[in-house]
Amino acid sequence: MRVLSASIERNELNMLGKQNTLKVAIANPTGDTLTYQVVIEAENTLGVESIAGEAPQAQLLEGAVERVTSMPVAEPSSWLLPVPPGGTSCSLAFTAWVRRTFEGEYESRSENTAYWPSQVRCDFVVKVLRNGRLVAKQRLLETFEGFDVGRTIARHPFETVGGFLMGFASAATMTAMWLTPGLQPLAGLITAVSLGWSAMNALLVYSQTGNAIEALTVSPFGVAVAPLRALADPTMDDSMRASIIGALIGVPFGAFVGREIALDVAMMRMPSELRNSPEIYGRLYKNEEKWGTPLASSMADSIGKLYPYLHVPNPEELVSMVLDNALKSRQQALYVASILKWMSGMDKGFLSQHAGNMMEWLASPSLRSELSPLLTLSPEEALQLSQIAGGDFVEMLARARRLAEVKAALEQLAKLGPDVARILSISNEGIEVGVEKSLGVKLYPSIQKGTVVEFEFARGNVVIEGMLAYAGEKNVGEGSYMVFAFKAEQHTPAIFELLKEDLQSIKVVPGQQVEKTFGLNAFRFSEGKLSMDRGILGMDGSIRFGDGMVLRLEDPSVMLVPNENPLETGELNKMLLGGRIGGTSIVVGEDGIAKAFYGGSYLPAVVSASSLGLQLGLCLRSRAGRRL
Amino acid sequence: MITQAELAQRGIADPGLLSIVYPNGEASTVIYAGKDLQTPLFSYSSGAFVGVQAVETRIVWTSVDKRAFYEQVASVSELLGSILGKDFKEELLKAILLNGLTDSQALDVVNTLAKNVEWLKTLSRGRG
């Protein structure tokens, strides 16, 4: 009876480094299940190279390679099989490699490779052993080809094309998205999600297979690892290899096309009457031709957002004129794109009021440069200026110019260093700072006593911000100063001690006049009960409510009080807004809670608001009626 | 405590139901019996200026003296509130004063509850 019958089913490409199948049938004439060991070994060598004899003696360093032996091997090469009475047959997976063993004087090492320039003849012997003793053996002669990337791709044309299309499409889409203003956050999100998804998949692959290389291929590092593996790792699945290599070819094409279509993507998002207007898209393409896709895409995106707010007789003509201006020079194009982008980031209410005016000015060669101060404003600042100017565009621009000048002066001041502003006096009760008058009058031209200005005190890495009230002018030595002060009253904050230590090393930087509004928790009577309605309290004592009602505190005032933890918060003091309601003094802090003066201190207070005015709640005291 | 004079300045002279609003928006319903008003301080142990608003009740008045009626309702609701909690007290006041009962019906309910305080105490212990 024949104990062993074996055959090899080679991989379809007949290559080294790829999985093959060893089919074995083993007989068991006994009545018991026996465990056999199946072993596959190659008996032949492919070549022996002696290096030592050919190399100069000087190169024969300690441990240098003297001999290289190449031989075919199978991995894995041994399996344990339980064989029931009568026998069994099974398929065992193995990969054929060429093992190169490098022998040196003191040590040797070996490596498996699938790259071999010629056919590899493998004289395999399949053995069956039981308890280490040979039971049966069979010879199997096979030949394998060296690993060839080109041939693997050729066998998977559809996957290659699929990979190409996927790489092309995704690169084109992502490139277009990255270049299209407004879509970058989405592109970023997609990238982040993709990376997160691939990282999650990598963990899954690793947990399932324990194979770090497989996991790395799908991880965020897969962008780098996958192409390397596709080219160099014969064990990789060939359809996956074909996809990756297809994508490698597709991505550069996709990125190129993505750049080309970015403007079209931006234009697709414009209102239809704009994107279908030859006057508009013609000028956008001209801008793209002259100044590049990113700039033209930015303009298209901003115009698309602004267009609904252009309440002017002929908005298309206005947009055309603006785009014509952009065509004049690169500098003009950048200016136009910047103003358009700034406008598109503004509040809807602001745009409804001013978008038409701004576009008219931007279209006008003589007026467009007047818009530049707007670029220094944040959306909140612009909205505030618009409100202060009562919606008057020209007045708002004038204020914006003024604000820009102040900002520029402040920046200049900051560069000038400590000489322009300095601490005139400091004690436990307060601090007095002087700002050189010649610069102070430029910074605060219409300042009045009591007006609060922000200052920054810097000493080394410690920076403290403080608010000081204007107290008048003073001559100190040769210099004339505008004096700003803060009285700490009975408090002795540690910060003053710190500042006093070395006055010369403190840099004092004056800032802007403080314009604050506080939320005020007021109560309104509605549907039979009092409910909270937050009003906005301004420094002038006015309280504005959501329904448009405006009420006023009597005798409004601004108070500066010491901060309890200036070193922790970096703030020397805080501001309270004060006033009177029905003869009682109240203060409101940034928390919006009003406090009313009673018996020497301030108690939390309910302030109710109605068309009749503001009313302070009744004072609730302890049962004994004592001052608490 | 808020004095009778202070309440009178705000036009609150008659006994009745009052809603008290605290600076943090917290509210409490209390009975004003025509004297100085006792109301909880909650977290405002140092005192606070509170909003006071009269709440219209739906008691149908017959012959009962309003001040005596509210004093009785107030004392019983305070007692039950101390046993069963603030929420119970508020619900009790709403149930008695806002459901169109006559003054004598409302007093019947209140007095019945007062007579059964011990039973309610037991009930509340069992519930806890």
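So that the names make sense, note that chain A is the first sequence line, chain B the second, and so on, each numbered from 1.
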[X] and [Y]: side chain donor to acceptor below 3.5 Å:
X: B:Thr29; Y: B:Glu90; result: yes
X: B:Asp36; Y: B:Thr3; result: no
X: B:Arg58; Y: B:Asn99; result: no

Among B:Ile20, B:Thr39, B:Val21, residue most engaged with chain A (heavy-atom pairs, under 4.5 Å): B:Val21
Nearest heavy-atom neighbours spanning A:Arg552 and A:Ser542: NH1-CB, 3.5 Å
Stepwise side-chain contact (heavy atoms from CB on, under 4.5 Å) check, A:Met559 with A:Val587: CA-CA 9 Å; A:Met559 280 173 261; A:Val587 291; 3.1 Å; yes
salt_bridge(A:Arg621, B:Glu6) N-O dist < 4.0 Å: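 Yes, this pair counts.
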Positions in residues 7-16 of chain B that reach chain A, provided some heavy atom is under 4.5 Å away: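 Residues in range: B:Leu7, B:Arg10.
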